[in-house]
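Since the structure comes first, as structure tokens, the remarks are kept for the end.
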Number of protein chains: 2
Amino acid sequence: MAPPSGRTIPDATVARLPIYQRVLGELQDRGAATVSSEDLAELSGVNAAKVRKDLSFLGSYGIRGVGYEVDYLLFQIRNALGLTQQWPVVIVGVGNLGRALADYAGFTSRGFPVAALVDDDPAKVGTEHVGIVIRALSELRDVVRDLDVAIGVIAIPASGAQRVADLLVEAGVSSILNFAPTVLSVPDGVNLRQVDLAVELQILSFHRRHRNRERGAVDPAAESNPRR
Amino acid sequence: MAPPSGRTIPDATVARLPIYQRVLGELQDRGAATVSSEDLAELSGVNAAKVRKDLSFLGSYGIRGVGYEVDYLLFQIRNALGLTQQWPVVIVGVGNLGRALADYAGFTSRGFPVAALVDDDPAKVGTEHVGIVIRALSELRDVVRDLDVAIGVIAIPASGAQRVADLLVEAGVSSILNFAPTVLSVPDGVNLRQVDLAVELQILSFHRRHRNRERGAVDPAAESNPRR
DNA sequence: TAGATTGTTAATCGATTAACAATC
DNA sequence: TAGATTGTTAATCGATTAACAATC
């Protein structure tokens, strides 16, 4: 009954909690009071046993014979994820991707308000995007301090990413989300996640190829070895 | 010596092949002829034993005492991923995210040229973005047929995503990359991958919270239970 | 009480990693 | 031959899932 104490939530479970959170939010909007693991699983695209196991790591928040109270479970998931408060983010790089992220409603609505935009192009500094003034890279430290920024988002080309990561760490952010296709190194204690948009396409490409293989389709590009 | 025949490459390995590919590409640009599993691991941010195991699923392409020939290994990885040919993509939704994706150099340079842009806003249809004319949603089938499109990218809000997915499937694409934060259902035989930009922030938030916990920091937001 | 659904167990499967024989 | 590095084994760890007792 008490919230789990020793606790360690497996990584695989942590990665699914945001999905449950989103689905529960939709259920809440539709006015659902409770949901069974079966239904939550269906809506989330996973196995029902997995849902129950995942939720059991948070504590014992279901009611046997009934299901889970939507409001209550949503609160507990938000709590586990640390989303009962807002975490302002700074986006570094106001190119196409940076602008898309700044406009992306999903950030603010899910607890990550875009507090600041930063770019090193003098032509952009001082202009506004969606009501946020673009600041210079040299102001990063002040921006992070003044706006209480916890998370830095890197939305610039790979070549400058490590330098920006270093600046973000110096400026005091504790977490970095990197969209540049390059492996970054950060000090211990700084959380780092990497998203590579093209990687997803490459994985798709692999699966596409193998689905076709199974069906006996011929893939001419797959044959022939080059030199050596 | 012969390319592996029975083959099944584990999912975890498939997910890392694009990383090795990118790192090998950088090594190639720098003129490196060979690379050891130790160095490739370091540059990719993984364990050296894992690199060797991953690569062994593709075949036996290393040279003991020497390492891996960069060019040859790169070819074999591209081959395994099905990237020895180009896979044109169509991007549905020319909002901020769609435009960012269309401009993203990483797509074209890694074998996924943006063949077409599609939007259902009449004001956008017929205009150009980065040299590509924006077509109407109703033309999707023609676009896919005429431009030999294999992959559809969904870059619209969640509410319309399932309908667009259905249209893409009808139009004949075999793979879908979905950026809308909603679970899609597609027929068997269609490959689907989901990217949720906010999910990454939420996972970061969790890890941030627990790093702090370990250090004995107090998190006021974590306490107190709501009603019930 | 009967029906429904959770929380947990235990079996299974897949992924990681150190260690080392094979071999360049 | 000596040194380096692969490819593979085997031990370990973590994730998934069916099954079911507990209980609303």
Side-chain angles (χ1 to χ4, degrees), chain A residues 1-17 19-20 24 27 32-70 72-73 76-77 80 203 206-207 210 228, chain B residues 1-17 19-20 24 27 32-70 72-73 76-77 80 203 206-207 210 228:
Chain A
M1 188 53 43
S5 42
R7 31 147 327 298
T8 15
I9 303 181
D11 284 348
T13 295
V14 171
R16 283 186 294 265
L17 291 179
I19 312 216
Y20 303 147
L24 287 166
L27 286 168
T34 62
V35 65
S36 67
S37 60
E38 190 83 41
D39 290 349
L40 182 52
E42 166 97 38
L43 292 166
S44 305
V46 304
N47 175 296
K50 199 185 268 179
V51 166
R52 290 198 297 278
K53 189 125 235 266
D54 282 343
L55 297 181
S56 75
F57 289 115
L58 309 185
S60 191
Y61 298 133
I63 307 161
R64 285 164 207 244
V66 177
Y68 299 86
E69 276 182 37
V70 172
Y72 185 61
L73 184 57
Q76 293 297 349
I77 290 179
I203 295 173
F206 174 85
H207 288 297
H210 282 281
R228 197 197 199 186
Chain B
M1 188 54 40
S5 40
R7 41 137 318 296
T8 16
I9 303 182
D11 284 347
T13 295
V14 172
R16 283 186 294 266
L17 291 179
I19 314 217
Y20 303 146
L24 287 166
L27 286 168
T34 63
V35 65
S36 67
S37 60
E38 190 83 40
D39 290 348
L40 182 52
E42 166 99 38
L43 292 166
S44 304
V46 304
N47 176 297
K50 200 185 269 180
V51 166
R52 289 198 297 278
K53 189 130 236 271
D54 283 342
L55 296 180
S56 75
F57 289 114
L58 308 185
S60 190
Y61 298 135
I63 307 159
R64 285 165 207 242
V66 177
Y68 300 86
E69 275 183 37
V70 172
Y72 185 62
L73 183 56
Q76 292 298 349
I77 289 179
I203 295 173
F206 173 86
H207 287 296
H210 282 280
R228 197 196 198 186

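First the proteins, then the strands, lettered A, B, ... as listed; each starts at 1.
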Rounded distance (Å) that lies between atom P of dG7(D) and atom CD of Glu38(B): 15 Å
If you look at every heavy atom in Val35(B) and Leu40(B), which pair is closest and at what distance? CG2-N, 3.8 Å
Show the numbers, then the answer: is there a side-chain contact (heavy atoms from CB on, under 4.5 Å) between Thr34(A) and Ile63(A)? CA-CA 10 Å; Thr34(A) 62; Ile63(A) 307 161; 5.9 Å; no
Considering non-hydrogen atoms only, spot the tightest contact between Phe57(A) and Thr8(A) and give its length. CD2-O, 4.5 Å
So that I can compare with my own list, what are the stems of DNA chain C, taken as at least three consecutive Watson-Crick or G-U pairs with distances under 3.5 Å? C:3-24 with D:3-24
Smallest heavy-atom separation, His207(A) atom then Asp11(B) atom, equals CE1-OD1, 3.7 Å
Kindly point out which of dA15(D), dA15(C), dT16(D) is positioned nearest to the side chain of Asp11(B)? dA15(C)
About how many Å separate CD1 of Ile77(A) and CD1 of Ile19(A), when rounded to the nearest 0.5 Å? 11.0 Å
Without decimals, in angstroms, what is the distance between Tyr61(A) OH and dT5(C) C1'? 19 Å
Can you tell which of dA18(D), dA18(C), dT8(C) lies closest to the side chain of Ser56(A)? dT8(C)
Between the OG atom in Ser56(B) and the OH atom in Tyr61(B), the distance rounded to the nearest 0.5 Å is 11.0 Å
How long is the line joining CD of Glu69(A) and P of dT5(C), in whole Å? 15 Å
Would you kindly give the CZ-to-C1' distance between Phe57(A) and dT6(C), to the nearest whole Å? 15 Å
What heavy-atom pair brings Leu58(B) and Ala80(B) nearest, and what distance separates the two atoms? CD2-CB, 3.7 Å
For residues 44-54 of chain B, pull every pair meeting side-chain hydrogen bond (donor to acceptor under 3.5 Å, both in side chains), keeping only residues two or more places apart or in separate chains. Thr13(B)-Asp54(B), Arg16(B)-Asp54(B), Tyr20(B)-Asp54(B), Ser37(B)-Arg52(B)
Would you say dT5(C) has OP1 or OP2 under 4.0 Å from some side-chain N or O of Ser37(A)? no
Please tell me which of Tyr68(B) and Lys50(A) maps to the more 5' nucleotide of DNA chain D, matching each residue to the nucleotide holding its nearest heavy atom. Tyr68(B)
Nearest whole Å is fine: how far is dA4(C) P from Leu40(A) CG? 20 Å
Tell me whether the OP1 or OP2 atom of dT5(D) has a side-chain N or O from Ser36(B) closer than 4.0 Å. no
Between dA10(C) atom C1' and Lys53(A) atom NZ, what is the distance in whole Å? 10 Å
Report the C-alpha distance between Asp39(A) and Leu27(A) in whole Å, list the side-chain angles of each, state the deciding distance to 0.1 Å, and finish with yes or no for side-chain contact (heavy atoms from CB on, under 4.5 Å). CA-CA 11 Å; Asp39(A) 290 349; Leu27(A) 286 168; over 6 Å; no
Which atoms of nucleotides 20-24 of chain D (N or O only) lie under 3.5 Å from a protein N or O atom, and what are those distances?
{"from": "dA22(D)", "atom 1": "N3", "to": "Arg64(A)", "atom 2": "NH1", "distance (Å)": "2.8"}
{"from": "dC24(D)", "atom 1": "O4'", "to": "Arg64(A)", "atom 2": "O", "distance (Å)": "3.3"}
{"from": "dC24(D)", "atom 1": "O2", "to": "Arg64(A)", "atom 2": "O", "distance (Å)": "3.3"}

Closest to the 5' end of DNA chain D, once Gly67(B) and Ala12(A) are matched to their nearest nucleotides, is Gly67(B)
Atom CG of Asn47(A) to atom P of dC13(C): distance rounded to whole Å? 15 Å
